[in-house]
Chemist: 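Please see the structure below; I have some questions.
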Amino acid sequence: MKSFIQKLFNVLEDPNQPFVGRNIKLLKIFGLLLPENNKKLKLIYFIFHAYVLMFIVTQWMELFTSRSEIIMILRNVKYAIFASVNVTKVSTCILWQKDWKFILDFITKVDEERRTTKDKVSKDILQKYTFQSKVVTYLYFYLTYCTIAMMIIQPTVQFSLSSSYREKLKSGKEKPLEVVNSWLPVDKRTSSGYIIMIICQMLPLIYSGGWITSYDTNAIAVMTFVCCELELLRRDCQILFGTIKEPASNEEAKAKLAKCHKRHNDLVICSQLFDSCLSSVMLVYVVICSCMLCATAYQFMIENEPLQKIITAVYLIFAVSQLFLYCWHSNEAYYISKDLMLGPYESLWWMRRLSEQKNIHILTNQLDKIIVFSAGPFSSITVTTFINILKGAYSYYTLLSQSQEN
């Protein structure tokens, strides 16, 4: 199993695109970056997308039909809400293909240029963030599909381990356990109907797992690149005038200063474009995340079945981890960009002429632009936002618990 996973990850690696190559491949595999010249393959992806979308509609239909049972509502609502957020991700990614391709092409181009540097500190920074992006991508991939695997096997495990469940199922007191609750025009109590139901629920679950993994890891990789480029820019500013042993000439210093200005300006433009693509998705996610976390936590507390408790706990960990990764990386970009303007003053500016010192002032005005990613026009994506969402979820959970006790 370990060698299979390692081979799978090796297939995703692209030596020509070490920073985002794996993320681009995942986007293409799961149809979020559609092929331009292959119309048949594009049609196949649209059919898959439409099928998953229809399946999500059936989840909401099932939620409506089981609205009188609190435990069934809690089991269904977190999956239905999460699936709806995924639809938002996929829809925006497909609609704004050109923007996403521009961002990824920009990262590839800048990364290729950066890897030609001879400065050891810059190489270490680049290597650190490349490794961070790689680890987050593969860990996220692993966590997503471990969660999906547990959801798929839960009906079989429940049937095998619980004798009381088997007895209730035979007597008709218990409904057959589903992978993900959804409405289907078949009798789920018959063997053939149950098999059809399981297959129809497994396929979209596995495919939507690819949606989650490819979109989220790509967005986090872009944030990681922004952090990396900001640190590299600060390093560039520190060596604007060379070192004490090897000072740069006036022409070299001017060229470096102009290059730093252009690099930062290009990065700001790319970050703003990325934020415009991500902002609407994060707005939807932040608005409903507290409710989803509240429902999951409450289900964990009232659930009687041990297996369902485990599934709910894993799902809760996954949901919190997903939100935390976004907030942590955005928060990191924010604080690194705040300190970026210190870079020019960490150089040998005090050894240069007054005219060159004035150029430093112009550069710091450019570097004073803060980069932060947002959730619509209302909130920035930071660790503070993450804590506030958890507080909101806990407040809703407390309110729900008290209302049930009364």
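Note: hydrogens, waters and symmetry copies are ignored here, and every other heavy atom, side chains too, is used.
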Chemist: So, the side chain of Lys25 versus the backbone of Glu13: is there a donor-acceptor pair under 3.5 Å, distance only?
Modeler: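 Yes; judged by distance alone, with no hydrogens or angles, the pair exists.
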Chemist: Would you find a donor on one side and an acceptor on the other, under 3.5 Å apart, between the side chain of Ser276 and the backbone of Leu273?
Modeler: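 Yes; judged by distance alone, with no hydrogens or angles, the pair exists.
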Chemist: Kindly give the heavy-atom pair with the smallest separation between Glu332 and Gln132, and that separation in Å.
Modeler: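 Result for this residue pair: OE1-NE2, 3.9 Å.
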Chemist: Is Glu113 salt-bridged to Arg263, going by a charged N under 4.0 Å from an acidic O?
Modeler: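 A salt bridge is present here (some side-chain N lies under 4.0 Å from a carboxylate O).
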Chemist: Only one of Asn218, Asp14, Thr137 clears side-chain hydrogen bond (donor to acceptor under 3.5 Å, both in side chains) with Asn23; which?
Modeler: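 With Asn23 as partner, Asn218, Asp14, Thr137 yield a single side-chain hydrogen bond (donor to acceptor under 3.5 Å, both in side chains), made by Thr137.
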Chemist: Once you round to the nearest 0.5 Å, how far does NE2 of His261 lie from CG of Leu233?
Modeler: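 Going from NE2 on His261 over to CG on Leu233, the span is 11.5 Å.
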Chemist: Do Glu229 and Leu232 have side chains that approach each other closer than 4.5 Å (heavy atoms only, starting at C-beta)?
Modeler: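 Yes, their side chains come closer than 4.5 Å.
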Chemist: Looking only at atom types and distance, does a side-chain atom of Ser330 sit under 3.5 Å from a main-chain N or O of Tyr326, one as donor and one as acceptor?
Modeler: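 No; judged by distance alone, with no hydrogens or angles, the pair does not exist.
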Chemist: Within the side chain of Gln97, is there an N or O that forms a donor-acceptor pair under 3.5 Å with the backbone of Leu32?
Modeler: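 Yes; judged by distance alone, with no hydrogens or angles, the pair exists.
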Chemist: Can you list the steps and then say if Leu27 with Leu104 is a side chain to side chain contact (heavy atoms under 4.5 Å, CB included)?
Modeler: CA-CA 11 Å; Leu27 289 170; Leu104 294 171; 4.0 Å; yes
Chemist: If you round to the nearest 0.5 Å, how far is CG of Leu323 from CD1 of Ile389?
Modeler: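 One gets 4.5 Å once the value is rounded to the nearest 0.5 Å.
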Chemist: So, do Thr364 and Tyr345 sit near enough that their side-chain heavy atoms are less than 4.5 Å apart?
Modeler: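 Of all side-chain heavy-atom pairs linking Tyr345 with Thr364, at least one is under 4.5 Å.
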Chemist: For the residue pair Ile381 and Cys327, establish whether any side-chain heavy-atom pair is separated by less than 4.5 Å.
Modeler: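 Ile381 vs Cys327: side chains touch.
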Chemist: CG of Leu367 to CG of Asn265: how many Å apart, nearest 0.5 Å?
Modeler: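 One finds 10.5 Å between CG of Leu367 and CG of Asn265.
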Chemist: Side chains of Tyr285 and Thr88: does their closest heavy-atom pair fall under 4.5 Å?
Modeler: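 Answer no - side chains too far apart.
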Chemist: Please step through side chain to side chain contact (heavy atoms under 4.5 Å, CB included) for the pair Val222 and Phe373, ending with a clear verdict.
Modeler: CA-CA 11 Å; Val222 174; Phe373 305 112; 5.9 Å; no
Chemist: So does Thr130 get a backbone contact from the side chain of Ser133, meaning a donor-acceptor N/O pair under 3.5 Å?
Modeler: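 Not at all, since once roles are kept as given, no pair shorter than 3.5 Å links the two residues.
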Chemist: For the side chain of Lys256 and the backbone of Ile239, is there at least one donor-acceptor N/O pair under 3.5 Å apart?
Modeler: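 At least one qualifying donor-acceptor pair exists.
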Chemist: Parallel, tilted or perpendicular: which one describes the rings of His49 and Tyr45, with boundaries at 30° and 60°?
Modeler: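 Parallel.
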Chemist: For a quick check under 3.5 Å, do Gln322 and Tyr140 share a side-chain donor-acceptor pair by atom type?
Modeler: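 Short answer, yes.
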Chemist: Measure the CD1-CZ distance between Ile387 and Phe324 for me, rounded to the nearest 0.5 Å.
Modeler: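 It is 9.5 Å, given to the nearest 0.5 Å.
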Chemist: Measure across Val281 and Cys277 and return the closest heavy-atom pair with its distance rounded to 0.1 Å.
Modeler: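 That closest heavy-atom pairing would be CG2-O, 4.2 Å.
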Chemist: Can you tell me how far CD of Gln127 sits from SG of Cys228, rounded to the nearest 0.5 angstrom?
Modeler: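 Interatomic distance, Cys228 SG to Gln127 CD, rounded to 0.5 Å: 11.0 Å.
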Chemist: Measure across Phe106 and Cys270 and return the closest heavy-atom pair with its distance rounded to 0.1 Å.
Modeler: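 Result for this residue pair: CD2-SG, 3.4 Å.
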Chemist: If you round to the nearest 0.5 Å, how far is CG of Leu325 from CG of Leu143?
Modeler: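 Spacing of CG (Leu143) from CG (Leu325) equals 9.0 Å.
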Chemist: So Arg234 and Leu342, side chain to side chain contact (heavy atoms under 4.5 Å, CB included) or not? Walk me through it.
Modeler: CA-CA 8 Å; Arg234 183 169 179 174; Leu342 299 176; 4.0 Å; yes
Chemist: So does Trp96 have more than 12 non-hydrogen atoms from other groups sitting under 6.0 Å from CH2?
Modeler: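 It does: Trp96 CH2 has more than 12 such atoms within range.
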Chemist: Should we say atom CZ of Phe48 is surrounded by more than 12 heavy atoms from elsewhere, each under 6.0 Å from it?
Modeler: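 No.
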Chemist: What heavy-atom pair brings Leu363 and Cys237 nearest, and what distance separates the two atoms?
Modeler: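 That would be CD2-SG, 4.1 Å.
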Chemist: Just say parallel, tilted or perpendicular for the rings of Trp100 and Phe274, cut-offs at 30° and 60°.
Modeler: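 If you compare the ring of Trp100 with that of Phe274, the planes turn out perpendicular.
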Chemist: State, to 0.1 Å, how close Met341 and Asp368 come at their nearest heavy-atom pair, and which atoms those are.
Modeler: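 Answer, listing the atom of Met341 first, then Asp368: SD-OD1, 3.3 Å.
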Chemist: With distance as the sole test, does Asp111 use its side chain to make a donor-acceptor pair with the main-chain N or O of Gln17 at under 3.5 Å?
Modeler: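 Checking the backbone N and O of Gln17 against the side chain of Asp111, no donor-acceptor pair under 3.5 Å is found.
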Chemist: Counting only heavy atoms not in Glu346 (residues, nucleotides, ligands), do more than 12 fall under 6.0 Å from its CD?
Modeler: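 Yes, enclosed.
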Chemist: So, His264 side chain and Cys260 main chain: donor-acceptor pair closer than 3.5 Å or not?
Modeler: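 Pair absent, no side-chain N/O of His264 close to backbone of Cys260.
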Chemist: Check whether any side-chain heavy atom of Leu278 sits under 4.5 Å from a side-chain heavy atom of Tyr215, and report yes or no.
Modeler: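 Of all side-chain heavy-atom pairs linking Tyr215 with Leu278, at least one is under 4.5 Å.
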Chemist: Would you confirm whether the ring centroid of Tyr51 sits within less than 6.0 angstrom of the ring centroid of Phe55?
Modeler: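 Here the rings of Tyr51 and Phe55 have centres that are no less than 6.0 Å from each other.
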Chemist: Within the 4.5 Å heavy-atom criterion, are Arg115 and Pro18 side-chain neighbours or not?
Modeler: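 They are in contact (side-chain heavy atoms under 4.5 Å apart), so the answer is yes.
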Chemist: Evaluate Asp119 against Arg235 for salt bridge (Lys or Arg N to Asp or Glu O under 4.0 Å), listing each step before the verdict.
Modeler: CA-CA 9 Å; Asp119 181 57; Arg235 175 58 183 169; 2.9 Å; yes
Chemist: Flag the pair His361 / Asn365 as yes when at least one side-chain heavy-atom distance between them is below 4.5 Å, and no otherwise.
Modeler: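 A side-chain contact under 4.5 Å exists here.
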Chemist: Does atom CZ of Phe102 have more than 12 heavy-atom neighbours, drawn from other residues, nucleotides or ligands, at distances under 6.0 Å?
Modeler: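 Incorrect, the count does not exceed 12.
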Chemist: Could you go through the salt bridge (Lys or Arg N to Asp or Glu O under 4.0 Å) check for Lys262 and Asp266 one step at a time?
Modeler: CA-CA 6 Å; Lys262 184 179 184 306; Asp266 291 343; 2.8 Å; yes
Chemist: Are there over 12 heavy-atom neighbours, none belonging to Lys101, within less than 6.0 Å of that residue's NZ?
Modeler: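 Check passes, neighbour count above 12.
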Chemist: Could you tell me which non-hydrogen atom of Ser374 sits nearest to which non-hydrogen atom of Asp275, and how far apart they are?
Modeler: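 The pair with the smallest heavy-atom distance is N-OD1, 2.8 Å.
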Chemist: Do any N or O atoms from the side chain of Ser279 and from the backbone of Gly376 form a donor-acceptor pair under 3.5 angstrom?
Modeler: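 Such a contact is found between Ser279 side chain and Gly376 backbone.
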Chemist: Thr224 side chain to Tyr129 main-chain N or O, any donor-acceptor pair under 3.5 Å?
Modeler: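 A pair under 3.5 Å: no.
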Chemist: Is there side-chain contact between Thr217 and Leu26, with at least one heavy-atom pair below 4.5 Å?
Modeler: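 The answer is yes; the side chains approach within 4.5 Å.
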Chemist: Please lay out, stage by stage, how Ile371 and Leu267 fare under the test side chain to side chain contact (heavy atoms under 4.5 Å, CB included).
Modeler: CA-CA 9 Å; Ile371 294 176; Leu267 182 63; 4.2 Å; yes
Chemist: Flag yes if more than 12 heavy atoms outside Lys259 fall under 6.0 Å of its NZ atom; otherwise flag no.
Modeler: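 No, not enclosed.
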Chemist: Please report the C-alpha distance between Tyr142 and Tyr138 in whole Å, then the side-chain angles of each, then the deciding distance to 0.1 Å, and finally whether the ring-ring contact (aromatic ring centres under 6.0 Å, His included) criterion is met.
Modeler: CA-CA 6 Å; Tyr142 186 75; Tyr138 290 147; over 10 Å; no
Chemist: Between Lys120 and Asp124, is the closest basic N to carboxylate O distance under 4.0 Å?
Modeler: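 Yes, this pair counts.
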